[in-house]
Amino acid sequence: MDEAYDPQAVEKKWQARWRDEGTYNVDNDDPRPSFYVLSMYPYPSGPAHMGHVRNYTFGDLIVRHRTMQGHAVLSPFGFDSFGLPAENAAIKTGVHPRVFTEQRIEELKSSVQAIGAVYDWRREVRSHEPSYIKWNQYIFLRMLEAGLAYRRNAPVNWCPGCQTVLANEQVLADGTCERSGDVVFKRDLEQWFFKITDYADELLADLDGLEWPERVKTMQRNWIGRSEGAEFDLAVDGDPDTKVKVFTTRPDTSFGMTYAVLAPEHPLVPALTTPDRQAEVAAFVERVGKESEIERMSSEGALEKRGVFTGSHVVNPFNGKPVPVYLADYVLMGYGTGAIMAVPAEDQRDWDFATAYGLPIVRTVQPPEGWEGEAYTGDGPKINSEWLDGITDVPTAKAQAIEWLEQQGIGEGRVNYRLRDWLVSRQRFWGCPIPVVYCPDHGIVPVPEDQLPVLAPDDVEFRPTGESPLKFHEGFLHTTCPVCGGPAVRESDTMDTFVDSSWYFFRYCDPWNEDAPFDQAAAAKWMPVDQYIGGIEHAILHLLYARFYTKALADLGVGPKDVREPFKRLFTQGMIRLGGAKMSKSKGNLVAPEEIFETQGADALRLAHLFVSPPGDDVDWEAFGIEGCFRFLKRVWRLSLGETVENPDVDKAAHALIVRVSDEFDRWSYNTAVASLMEFVNLLNKQGATAFAVDTLLLLLAPMTPHIAGELWERRHGTDIHKERWPEADPELAKPDSVTLVVQVNGKVRDRFEVPPDIGADDAERLALSSARVQEHLGGNEPRKVIVRPPNLVNVVA
RNA sequence: GCCCGAGUGGCGCAACCGGCUGACGCGGCGGACUCAAAAUCCGUUGUCCGCAAGGACAUGUGGGUUCGAAUCCCACCUCGGGCACCA
């Protein structure tokens with residue numbers, strides 16, 4: 001009994017057992033009801049940090065809890081093992097990215113196991129392995145075949161110092177290259193895209209059915225950015241065959257159009273520029289072309305410098321009046337039609353521009369009485385709008401304007417999205433090669449399926465040029481055309497690593513499959529993921545791409561037809577800070593989980609993560625009550641191995657505890673669940689521990705602190721607690737014998753009574769009025785009113 | 001600027017449906033054990049007044065609804081996050 005709690009010994013023993021026994025392996029024909037729990041697969045960056053620990057603690061708790069509840073729980077793990085850091089390391093040290101990456105994987109894997117988190121390791125997936133690359137490429141080709149993957153010329157970030165394209169993430173906030181410090185500018189290049197915009201509407205609509213945090217759904221809605229409006233033609237004044245197409249969300253305001261604006265890159269700019277405006281327009285277009293995205297998007301800067309008059313006019317089809325055509329840097333070629341009608345009275349930005357350039361302002365919506373603002377964007381009756389006048393609300397006017405455009409045959413109702421197609425090609429080595437070749441005679445030719453995977457060669461040289469070594473590897477580059485057998489060139493770009501992470505959760509269902517990315521029936525058994533867990537930083541990119549992929553796979557016949565959303569429930573955990581700052585390697589303020597494993601142990605650390613705050617909140621490491629949790633576990637240890645007593649009151653409390661903690665687990669209220677267990681241990685220390693109480697305590701602790709729970713249960717019973725069922729309370733015993741009746745006078749607590757839970761209203765009132773303290777506060781007067789809420793409260797109103 | 005979210009002891013937080021504010025833990029204070037320390041255990045701990053019994057005041061600020069508000073409504077302040085020329 002005097003043996004002290006030794007977390008290191010206990011944790012090592014149980015981790016080895018789970019690994020060797022495969023306790024949490026689960027087969028695809030498991031008859032129990034299935035449940036899929038998944039933590040986002042990590043980029044392997046070395047040993048786990050506190051963020052990982054937090055993530056995997058919640059995931060593991062759910063895996064173990066659901067298993068105890070009788071589910072077959074799929075809990076796989078893998079690695080997002082392609083990516084830039086490994087390539088940068090290769091350039092610096094000459095070590096091949098694979099060697100570098102696999103070392104990091106082993107480090108991360110071993111510290112994930114040291115947390116005590118359990119997975120079916122037979123299903124491990126690593127995105128850099130040929131078996132994954134093959135099916136990643138296969139899906140790409142299916143996308144290509146279906147027209148969902150395409151190649152086109154697009155403006156991308158170009159760094160002149162590195163002589164290469166950069167990902168958006170590599171461009172710093174000030175518009176410079178993170179590596180060379182050069183100013184990045186836009187350059188047109190042939191790139192591969194996925195047609196995610198085909199799914200814009202479905203991606204938006206299906207958000208409604210997901211049990212995700214509202215803010216993540218809102219972020220996705222904003223990102224997709226659906227707007228309804230109309231598209232119509234403006235004929236050029238004096239040249240009616242040339243038309244400028246504009247998009248607007250407010251066709252009802254068209255009578256108030258006093259000018260039109262084109263993006264500087266708009267193809268009609270040369271045709272619309274009159275000879276006398278030539279020099280000024282050319283200078284403006286050149287200047288905007290040289291501006292970084294940051295400068296251009298900045299709302300600072302004098303409006304007078306942000307536009308230029310072309311010299312031409314277009315005709316407003318609504319009233320036949322000509323209006324001047326300007327160029328402005330704030331009109332973007334990539335959205336809508338790259339041209340707008342400007343209605344300064346109902347759009348603040350147009351108002352500002354019109355004011356700066358002395359252009360007229362005509363209101364078409366009557367602002368409310370006392371309106372003192374400038375542009376009015378609210379609802380109201382139409383004015384100055386001929387046949388729209390008299391309509392009292394904007395939506396009706398909008399619909400009529402669209403109807404008119406369609407009747408006239410010059411425009412139509414139209415929906416636009418902010419969402420752009422997904423640029424997936426990267427000029428990098430350490431990624432999944434794009435499996436196509438370019439033939440002089442046959443153009444883009446997919447690599448035949450039986451030649452997959454296309455693997456990058458190992459004998460490459462990593463040079464600090466910023467360019468992919470694949471581009472210089474003659475043996476890789478030169479191949480033959482699968483169609484004609486003639487000489488052809490391989491694509492040397494690789495895929496964005498977000499492609500890898502867009503379907504790995506399907507592969508986990510059937511990672512052994514050699515004939516397909518995964519078997520449909522296996523995927524249908526587990527998918528969608530019942531509980532997905534990860535960081536909020538993936539709120540848009542990964543989660544949107546994975547949703548797109550799931551829909552596309554279903555439509556391609558690769559995925560199960562009915563699985564159109566990958567993640568039914570999503571939980572995003574908070575960030576870990578230290579002294580207010582975000583915890584990160586670069587800031588050097590990392591607390592290594594190893595330090596805790598070697599002292600208080602993984603169980604104490606897990607418990608501290610659960611206890612410190614509600615799971616979704618950001619937490620500060622300084623707030624962690626790791627000592628208190630360690631102390632608590634030591635008490636549990638002593639209590640469980642000590643003498644037990646008989647005490648029906650304590651057994652009763654244990655039944656109540658089961659009800660309470662089960663409810664707290666269901667509500668993700670893990671911090672209060674820990675508090676409940678601590679309170680219970682305090683009770684056992686005072687009133688003595690019964691055998692049932694200790695067993696209950698250990699069962700409830702098992703998902704949270706699995707090592708110590710396993711050890712103590714084994715010492716008490718010789719069996720494995722992790723094969724036990726989650727306890728169930730006897731509802732009769734869980735009911736309290738008495739409750740506290742609070743007696744208030746005028747809403748202030750003046751007395752308390754212990755009463756039976758089924759006390760009647762009359763008895764409660766009588767008891768309350770019998771209180772000397774209540775009578776004192778009544779001062780001899782009759783109460784004006786008595787509110788009775790048995791069995792908890794009586795409020796006497798004096 | 002717009003859209004979310006949050007403000008409760010010295011600190012992390014709890015109070016689930018409008019009904020005992022501060023559970024649980026950290027920290028502090030006092031004590032036991034010890035030559036001493038660590039570990040462990042016990043007590044105490046919102047503020048103010050009072051010897052005490054007790055009382056008053058307390059959930060960012062100001063109003064409101066209600067027998068009763070941390071909780072609901074209105075206005076404002078502060079902090080955190082997201083979006084930000086998207087026509």
Side-chain angles (χ1 to χ4, degrees), chain A residues 4 213-219 221-223 225-227 229-231 246-250 253 260-261 263 296-301 303 306 328-332 334-343 346-350 352-353 416-420 536 539-540 574-575 577 580 607-608 611-614 616-620 622-629 631-632 634-635 638 663-664 666-667 669 671-682 685-686 740-752 773 776 783-789 792-798:
Chain A
E214 213 42 55
R215 66 173 170 153
V216 175
K217 293 206 266 186
T218 304
M219 281 161 76
R221 284 190 193 106
N222 291 342
W223 188 263
R226 183 180 201 273
S227 52
E231 214 172 79
V246 294
F247 172 72
T248 178
T249 54
R250 291 293 301 276
T253 65
V261 190
R296 187 164 168 182
M297 289 305 211
S298 147
S299 49
E300 313 293 312
L303 264 174
R306 302 188 59 194
D329 63 357
Y330 67 78
V331 174
L332 310 173
Y335 183 78
T337 60
I340 60 164
M341 67 167 198
V343 185
E346 278 94 32
D347 182 298
Q348 187 60 42
R349 188 199 39 212
D350 291 346
D352 294 338
F353 192 88
N416 251 315
Y417 300 91
R418 270 177 39 121
L419 183 71
R420 306 296 150 80
I536 186 76
I540 293 172
M575 267 188 322
R577 303 169 188 281
L607 200 64
F611 183 50
V612 66
S613 65
D617 287 10
D618 285 358
V619 290
D620 202 297
E622 286 171 357
F624 271 67
I626 185 102
E627 267 307 323
C629 291
R631 231 171 270 170
F632 167 74
K634 284 189 281 194
R635 279 180 204 139
R638 278 194 303 270
D663 177 55
E664 285 166 327
D666 291 343
R667 288 170 25 229
S669 186
N671 52 333
T672 60
V674 176
S676 303
L677 295 171
M678 287 176 167
E679 217 176 334
F680 188 63
V681 165
N682 292 343
N685 273 330
K686 282 203 181 82
T740 305
L741 174 76
V742 170
V743 183
Q744 301 178 329
V745 178
N746 292 335
K748 294 197 170 163
V749 181
R750 297 300 176 188
D751 214 344
R752 294 183 176 87
R773 303 211 37 222
E776 203 176 304
R784 282 199 293 142
K785 198 171 168 187
V786 182
I787 313 276
V788 188
R789 296 277 180 280
N792 296 310
L793 180 118
V794 176
N795 186 17
V796 181
V797 184

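Note that the coordinates shown come from a computational prediction; the quantities given were computed from them, not determined experimentally. Throughout, protein chains are lettered first and strands after them, A, B, ... in sequence-line order, and every chain is numbered starting at 1. The analysis underlying the following values was restricted to heavy atoms, covering all of them including side chains, and did not include hydrogens, waters or symmetry mates.
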Enquirer: Roughly, in whole Å, what's the span from CD1 in A:Ile787 to P in B:C67?
Expert: 7 Å
Enquirer: Counting side-chain heavy atoms from CB outward, which of B:A87, B:A84, B:G25 is closest to A:Tyr335?
Expert: B:A87
Enquirer: Under 3.5 Å, which protein N or O atoms sit close to an N or O of nucleotides 42-52 of chain B? Give each pair with its distance.
Expert:
none

Enquirer: How far, in whole Å, is B:A52 from B:U59 if one measures between their C1' atoms?
Expert: 30 Å
Enquirer: Within less than 4.0 Å of OP1 or OP2 of B:G25, is there a side-chain N or O belonging to A:Asn682?
Expert: yes
Enquirer: Please report, rounded to the nearest Å, how far the P atom of B:C26 is from the CZ atom of A:Phe611.
Expert: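 Interatomic distance, CZ of A:Phe611 to P of B:C26: 8 Å.
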Enquirer: Across the strands shown, which category fits A:Ala623 at heavy-atom distances under 4.0 angstrom: base, sugar-phosphate, nothing?
Expert: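 Contact class for A:Ala623: sugar-phosphate only.
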Enquirer: Taking only side-chain nitrogens and oxygens of A:Arg221, does any of them come within less than 4.0 Å of OP1 or OP2 of B:C4?
Expert: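 Answer no for this pair, as no side-chain N or O of A:Arg221 is under 4.0 Å from OP1 or OP2.
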Enquirer: Between A:Asp617 and A:Gly574, is there a donor-acceptor pair closer than 3.5 Å when you use the side chain of the first and the backbone of the second?
Expert: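 No, the answer is negative, given that no donor and acceptor are paired below the 3.5 Å cut-off.
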Enquirer: Which nucleotide, if any, forms a Watson-Crick or G-U wobble pair with B:G9, using both distances under 3.5 Å?
Expert: none
Enquirer: Between B:G30 and B:G22, how far apart are the C1' atoms? Round to whole Å, please.
Expert: 23 Å
Enquirer: If I compare all heavy atoms of A:Phe247 with all of A:Thr337, which pair ends up nearest, and what's the gap?
Expert: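 Closest pair (atom of A:Phe247, atom of A:Thr337, distance): N-OG1, 3.5 Å.
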Enquirer: Could you tell me the separation between the CG atom of A:Asn671 and the C1' atom of B:A15, rounded to a whole number of Å?
Expert: 12 Å
Enquirer: Identify the nucleotide, in any strand shown, that forms a Watson-Crick or G-U wobble pair with B:G80, with both distances under 3.5 Å; if there is none, say none.
Expert: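 Across all strands, the one nucleotide that pairs with B:G80 is B:C4.
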Enquirer: Please state how far atom CG in A:Asn746 lies from atom P in B:G68, giving the value in whole angstrom units.
Expert: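 Result: 8 Å.
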Enquirer: By nearest atom, which of the nucleotides B:A39, B:C24, B:A87 is closest to the A:Ser227 side chain?
Expert: B:A87
Enquirer: Between B:G68, B:A87, B:C24, which nucleotide has the shortest distance from any of its atoms to the side chain of A:Thr249?
Expert: B:A87
Enquirer: Using the P atom as the point on both nucleotides, what is the distance between B:C72 and B:G54, in whole Å?
Expert: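 My reading of the P atoms in B:G54 and B:C72 gives 34 Å.
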Enquirer: Any chance CZ of A:Arg420 has more than 12 other-residue heavy atoms, nucleotides or ligands included, within less than 6.0 Å?
Expert: yes
Enquirer: When the P atoms of B:U65 and B:A69 are compared, how many Å lie between them, rounded to an integer?
Expert: 12 Å
Enquirer: Using the glycosidic torsion, which applies to B:G62: syn (within 90° of 0) or anti (everything else)?
Expert: anti
Enquirer: So does A:Arg750 get a backbone contact from the side chain of A:Arg773, meaning a donor-acceptor N/O pair under 3.5 Å?
Expert: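 Yes, the answer is positive, given that a donor and an acceptor are paired below the 3.5 Å cut-off.
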Enquirer: Between A:Leu332 and A:Ala263, what is the shortest heavy-atom contact and its length?
Expert: C-CB, 4.0 Å
Enquirer: Check whether any side-chain heavy atom of A:Asn746 sits under 4.5 Å from a side-chain heavy atom of A:Val797, and report yes or no.
Expert: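 SC-SC contact between A:Asn746 and A:Val797 confirmed.
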Enquirer: What is the distance from CG of A:Leu793 to P of B:A15, rounded to the nearest Å?
Expert: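 One finds 20 Å between P of B:A15 and CG of A:Leu793, rounded.
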Enquirer: Taking any strand in view, what nucleotide pairs with B:A56 in a Watson-Crick or G-U wobble way, both distances under 3.5 Å?
Expert: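 Checking every strand shown, B:A56 finds its partner in B:U47, with both distances under 3.5 Å.
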Enquirer: Look through every strand shown and name the nucleotide pairing with B:G68 as Watson-Crick or G-U wobble, where both distances are under 3.5 Å.
Expert: none
Enquirer: Tell me which of A:Asp347 and A:Ser613 sits closer to the 5' end of RNA chain B, going by the nucleotide each one is nearest to.
Expert: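 The residue whose closest nucleotide sits nearer the 5' end is A:Ser613.
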Enquirer: Would you mind pulling out the nucleotide paired to B:A15, Watson-Crick or G-U wobble, both distances under 3.5 Å?
Expert: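 Partner of B:A15: none.
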Enquirer: Can you tell which of B:A84, B:A56, B:C20 lies closest to the side chain of A:Arg750?
Expert: B:A56
Enquirer: Report the distance from atom CD of A:Glu622 to atom C1' of B:C26, rounded to the nearest whole Å.
Expert: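 Interatomic distance, CD of A:Glu622 to C1' of B:C26: 13 Å.
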Enquirer: I want to confirm an ordering. Mapping A:Arg631 and A:Asn222 to their closest nucleotides on RNA chain B, which one lands closer to the 5' end?
Expert: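 Mapping each residue to its closest nucleotide by heavy atoms, the 5'-most match is A:Arg631.
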Enquirer: Send over the distance from A:Met219 CE to B:G5 P, rounded to a whole Å.
Expert: 14 Å
Enquirer: Using purine N1 to pyrimidine N3 plus N6-O4 or O6-N4 for Watson-Crick, or N1-O2 and O6-N3 for G-U wobble, both under 3.5 Å, which nucleotide pairs with B:A39?
Expert: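 Paired with B:A39, as far as the under-3.5 Å criterion goes, is no nucleotide at all.
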Enquirer: Is any side-chain nitrogen or oxygen of A:Arg418 closer than 4.0 Å to OP1 or OP2 of B:A87?
Expert: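 Indeed not, no polar side-chain atom of A:Arg418 lies that close.
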Enquirer: Where the side chain of A:Lys785 is defined as all heavy atoms beyond and including C-beta, which of B:C67, B:C13, B:A23 is the nearest nucleotide?
Expert: B:C67
Enquirer: What is the nucleic acid contact for A:Gln348, judged by heavy atoms within less than 4.0 Å: base, sugar-phosphate only, or nothing?
Expert: nothing
Enquirer: B:A75 and B:C20: how far apart are their C1' atoms, nearest whole angstrom?
Expert: 31 Å
Enquirer: Kindly point out which of B:A87, B:C67, B:C86 is positioned nearest to the side chain of A:Asn795?
Expert: B:C67
Enquirer: Would you mind calling B:C17 syn or anti? Take O4'-C1'-N9-C4 for purines or O4'-C1'-N1-C2 for pyrimidines, and syn is within 90° of 0.
Expert: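 Syn, which is what one calls it when the glycosidic angle falls within 90° of 0.
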Enquirer: Which one, B:G25, B:A23, B:C57, comes nearest to the side chain of A:Lys748?
Expert: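 From the listed options, B:C57 comes nearest.
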Enquirer: What are the two closest non-hydrogen atoms of A:Ile787 and A:Lys785, and how far apart are they?
Expert: CD1-CE, 4.0 Å
Enquirer: So, A:Ser676 versus A:Glu664: side-chain donor-acceptor pair below 3.5 Å or not?
Expert: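 Side chains of A:Ser676 and A:Glu664: pair found under 3.5 Å.
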Enquirer: How close do A:Gly338 and A:Val331 get, heavy atom to heavy atom, and via which atoms?
Expert: O-CG1, 3.6 Å
Enquirer: State which of B:A23, B:C67, B:A84 makes the closest approach to the side chain of A:Arg789.
Expert: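 So the side chain of A:Arg789 is nearest to B:C67.
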Enquirer: Tell me, yes or no, whether the heavy-atom count around A:Arg226 atom CZ, taken from other residues, nucleotides or ligands under 6.0 Å, exceeds 12.
Expert: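 Atom CZ in A:Arg226 is packed in, count exceeds 12.
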Enquirer: Which whole number of Å gives the distance between the P atom of B:U66 and that of B:A84?
Expert: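 Roughly 45 Å separates the two P atoms.
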Enquirer: For A:Val612, which contact category applies under a 4.0 Å heavy-atom criterion: base, sugar-phosphate, or nothing?
Expert: sugar-phosphate
Enquirer: Please state whether the base of B:C4 and the side chain of A:Arg215 form at least one donor-acceptor pair under 3.5 Å?
Expert: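 No, the side chain and the base share no sub-3.5 Å donor-acceptor pair.
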Enquirer: Is a side-chain N or O of A:Asp350 found less than 3.5 angstrom from the main chain of A:Val343, in a donor-acceptor match?
Expert: yes
Enquirer: Between B:G7 and B:C11, how far apart are the two P atoms, rounded to whole Å?
Expert: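 The same atom, P, in both gives a distance of 14 Å.
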Enquirer: Rounded to the nearest Å, what distance is computed from the CH2 atom of residue A:Trp223 to the C1' atom of nucleotide B:C2?
Expert: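 Rounded to whole Å, this separation is 17 Å.
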Enquirer: Of the options B:G54, B:C24, B:G68, whose atoms approach the side-chain atoms of A:Met678 most closely?
Expert: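 Closest nucleotide among those given: B:C24.
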Enquirer: Among the nucleotides B:C24, B:U40, B:A87, which one has an atom lying closest to any side-chain atom of A:Arg638?
Expert: B:U40
Enquirer: What interatomic distance, in whole Å, is found between P of B:G64 and the corresponding atom of B:G28?
Expert: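 One P to the other, the span is 44 Å.
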